[in-house]
Participant: 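The structure that follows is given in the form of structure tokens.
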Amino acid sequence: MLDLIIKNGTCYIDSNLQIQDIGIKDGQIVEIGKIESESKNIFNAKTLIVLPGCIDTQVHFREPGSTEAEDLNSGSRAAIIGGITGVFEMPNTNPPTSNKKEFQNKLSLAKKRMFCNYAFYFGATPKNQSELSDLNSLEGCCGVKLFAGSSTGDLLVHKEEDIEKVFLNTSKIVSVHSEDEDILNQRKKLAEKGNVLTHQLWRNEECALSSTRKIVKIAKRLKKKAHILHVTTKEEVDFLSQNKGLITFEITPQHLTLISPDCYQNLGTYAQMNPPIRGKPHYDRLWYAIRNNYNDTIGSDHAPHLKENKEKEYPNSPSGMPGVQTLLPVMLNHINEGRLKLDQLVKFICENPVKIFGIKNKGFIKKGYDADFTVIDMNKEIEIKNENIESKCKWSPFNGYKFKGTPVATIINGEIKMKDGKILGDPSGKPMKFN
Ligand code: DOR
């Protein structure tokens with residue numbers, strides 16, 4: 001007897017949409033086709049699209065340290081409401097996840113508290129190289145996170161010789177927050193009190209490009225893989241499109257949707273993040289990257305901060321905005337408006353994360369693969385409202401936006417954990433496995 005059958009869905013299989021049934025047993029896909037066998041659980045997916053489980057490869061869930069803004073449980077609830085079946089969570093917590101003890105602590109905090117599957121980044125510091133060498137044997141570790149410029153938290157590795165040591169000492173991929181610390185320090189005086197529009201002047205294009213050039217130079221010289229997170233400038237798009245291979249990069253949904261100066265006029269410090277939302281020429285070139293598949297992933301950089309902190313006067317206001325719940329509605333709406341195709345999105349949030357980070361058994365609807373699915377309705381219209389944000393921070397930069405296309409069910413390890421916006425059952429996410 002099968003545990004679950006997804007019936008008559010339009011399923012994304014072998015890069016095509018095809019109407020099939022999917023049979024699930026013990027958390028895995030065991031049959032695809034016209035299924036005659038029985039199950040107590042049937043999910044009728046007629047008229048719906050069944051995608052492989054979508055993975056958000058950049059979220060900050062704030063536990064331990066700032067659990068008033070988010071914790072692993074609340075962040076994972078926001079994820080599954082948003083159709084996300086797995087997350088890579090960032091190490092800039094308090095204390096940071098930069099030693100084995102803290103890493104194991106995160107794994108135990110996640111157990112039976114996270115609804116979605118998960119992996120954690122190991123944070124690099126100038127002094128923890130000896131910790132980085134055996135990360136391949138560490139359960140649930142997706143890679144090393146390196147902050148080349150300061151952002152939220154204390155993690156920072158900005159000297160070239162220290163960055164080199166991080167790459168040399170790990171066989172995991174190094175994902176980089178790429179802003180140049182020296183330039184950030186030199187330009188900090190440009191951040192004008194009370195004027196969030198100056199955020200992009202302080203953290204300017206040169207600051208991003210200079211760091212990205214440095215990282216690419218080091219990674220290529222050492223023949224190591226680097227993943228540049230949240231790329232925001234046209235200069236980086238042009239540079240990175242000439243340096244594909246060992247180097248991969250991410251773009252966020254907010255940089256593909258919000259544009260300066262309007263976003264700062266509308267949202268004030270709620271639009272403040274690192275690296276910043278920039279003007280139309282950058283926005284256009286990010287879309288040019290998407291059209292040409294220059295970027296490899298789309299990640300939300302879900303960075304919840306409490307409203308009371310976001311409302312502090314700039315630059316005392318923290319940088320970051322939530323996004324794990326809205327990644328799919330935002331991007332599905334872009335698909336409906338003709339800016340990208342569904343098969344591209346599947347590459348960016350299912351297939352490429354699997355290839356780049358070496359996740360085992362996920363990213364594709366195939367026999368023997370894990371039964372993680374994101375079920376979407378491309379015609380359903382929704383309005384994002386702060387009150388419906390599952391994250392503890394209870395706000396979204398997209399409050400009031402109407403989107404067409406939204407997740408309607410999230411199936412994780414063969415169990416329906418979200419249906420029609422309702423969370424079902426208990427948290428049973430598992431650590432992802434890596435090659
Ligand atoms: O704006 C940001 N906020 N950028 C980051 O890189 C970190 C994040 C956070 O953790 O708040």
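Every number for a ligand or one of its atoms is a count from 1 in the order of the listing. Numbering starts at 1 and runs along the sequence shown.
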Participant: At a 4.0 Å threshold, what atoms of ligand 1 neighbour a non-hydrogen atom of A303?
Facilitator: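 Every atom of ligand 1 under 4.0 Å from some heavy atom of A303: 3 (N), 8 (C), 9 (C), 11 (O).
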
Participant: Just jot down the ligand 1 atoms closer than 4.0 angstrom to any heavy atom of H230, in number order.
Facilitator: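 By the 4.0 Å cutoff, the relevant atoms are 6 (O).
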
Participant: Would you kindly specify which portion of L229 sits under 4.0 Å from ligand 1, judged on non-hydrogen atoms: side chain, backbone, both or neither?
Facilitator: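 Looking at L229 and ligand 1, no heavy atom falls under 4.0 Å.
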
Participant: Does a sphere of radius 6.0 Å around NZ in K100 hold more than 12 heavy atoms from other residues, nucleotides or ligands, not counting ones at 6.0 Å or beyond?
Facilitator: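 It does: K100 NZ has more than 12 such atoms within range.
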
Participant: Which residues pass the side chain to side chain contact (heavy atoms under 4.5 Å, CB included) test with P397, not counting sequence neighbours?
Facilitator: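 P397: side chain to side chain contact (heavy atoms under 4.5 Å, CB included) contacts with L258, L267, M321, P322, W395.
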
Participant: Write out the residue and atom name of the closest protein heavy atom to atom 1 (O) of ligand 1, then the distance separating them to 0.1 Å.
Facilitator: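 Answer, as residue, atom name and distance: N274 N, 2.7 Å.
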
Participant: Quick one: does L342's side chain get under 4.5 Å of I49's, heavy atoms only?
Facilitator: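 Answer yes - side chains close enough.
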
Participant: Show me which atoms of ligand 1 lie under 4.0 Å from any heavy atom of D301.
Facilitator: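 This gives 4 (N) as the contact atoms.
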
Participant: What's the shortest distance from atom 9 (C) of ligand 1 to any protein heavy atom, and which residue and atom give it?
Facilitator: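 That would be T152 OG1, 3.1 Å.
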
Participant: Show me which atoms of ligand 1 lie under 4.0 Å from any heavy atom of H305.
Facilitator: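 The atoms of ligand 1 under 4.0 Å from a heavy atom of H305 are 11 (O).
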
Participant: For the pair R77 and E390, find out whether any cationic side-chain nitrogen is under 4.0 Å from an anionic carboxylate oxygen.
Facilitator: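 Yes, this pair counts.
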
Participant: I need the nearest protein heavy-atom contact for atom 7 (C) of ligand 1: residue, atom name and distance, please.
Facilitator: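 For atom 7 (C) of ligand 1, the nearest protein heavy atom is S151 OG, 3.4 Å.
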
Participant: Of the choices H177, Q58, R62, which has the non-hydrogen atom that lies closest to atom 10 (O) of ligand 1?
Facilitator: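 The residue whose heavy atom sits nearest atom 10 (O) of ligand 1 is R62.
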
Participant: Salt-bridge test for E205 and K234: reply yes if a basic N is under 4.0 Å from a carboxylate O, no otherwise.
Facilitator: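 Looking at E205 and K234, the cut-off is not met.
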
Participant: Against heavy atoms of M273, which atoms of ligand 1 measure under 4.0 Å?
Facilitator: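 Those of ligand 1 that fall under 4.0 Å from M273 are 1 (O).
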
Participant: Which pairs would a plain distance check flag for residues 422-435, meaning a side-chain donor or acceptor within less than 3.5 Å of a matching protein atom at least two apart in sequence or in another chain?
Facilitator:
{"residue": "N435", "atom": "ND2", "partner": "G358", "partner atom": "O", "Å": "3.4"}

Participant: With heavy atoms under 4.0 Å as the rule, classify the contact between S319 and ligand 1 as side chain, backbone, both or neither.
Facilitator: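 The answer is both, backbone and side chain.
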
Participant: Have a look at ligand 1 and work out which part of Q272, if any, has a heavy atom under 4.0 Å from it: side chain, backbone, both or neither.
Facilitator: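 Looking at Q272 and ligand 1, no heavy atom falls under 4.0 Å.
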
Participant: Output yes when E415 and K417 qualify as a salt bridge under the 4.0 Å nitrogen-oxygen rule, no when they do not.
Facilitator: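 Salt bridge flag = yes for K417 with E415.
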
Participant: Does M321 have a heavy atom less than 4.0 Å from any atom of ligand 1?
Facilitator: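 No, that is not the case, since the closest heavy atom of the residue is not under 4.0 Å from the ligand.
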
Participant: Heavy-atom count around K394 NZ within 6.0 Å, excluding the residue itself: above 12?
Facilitator: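 Yes, because the 6.0 Å sphere around NZ of K394 holds more than 12 heavy atoms from other groups.
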
Participant: Quick test of your reading of the model: are D296 and K244 salt-bridged, counting only N-O distances below 4.0 Å?
Facilitator: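 K244 and D296: salt-bridged.
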
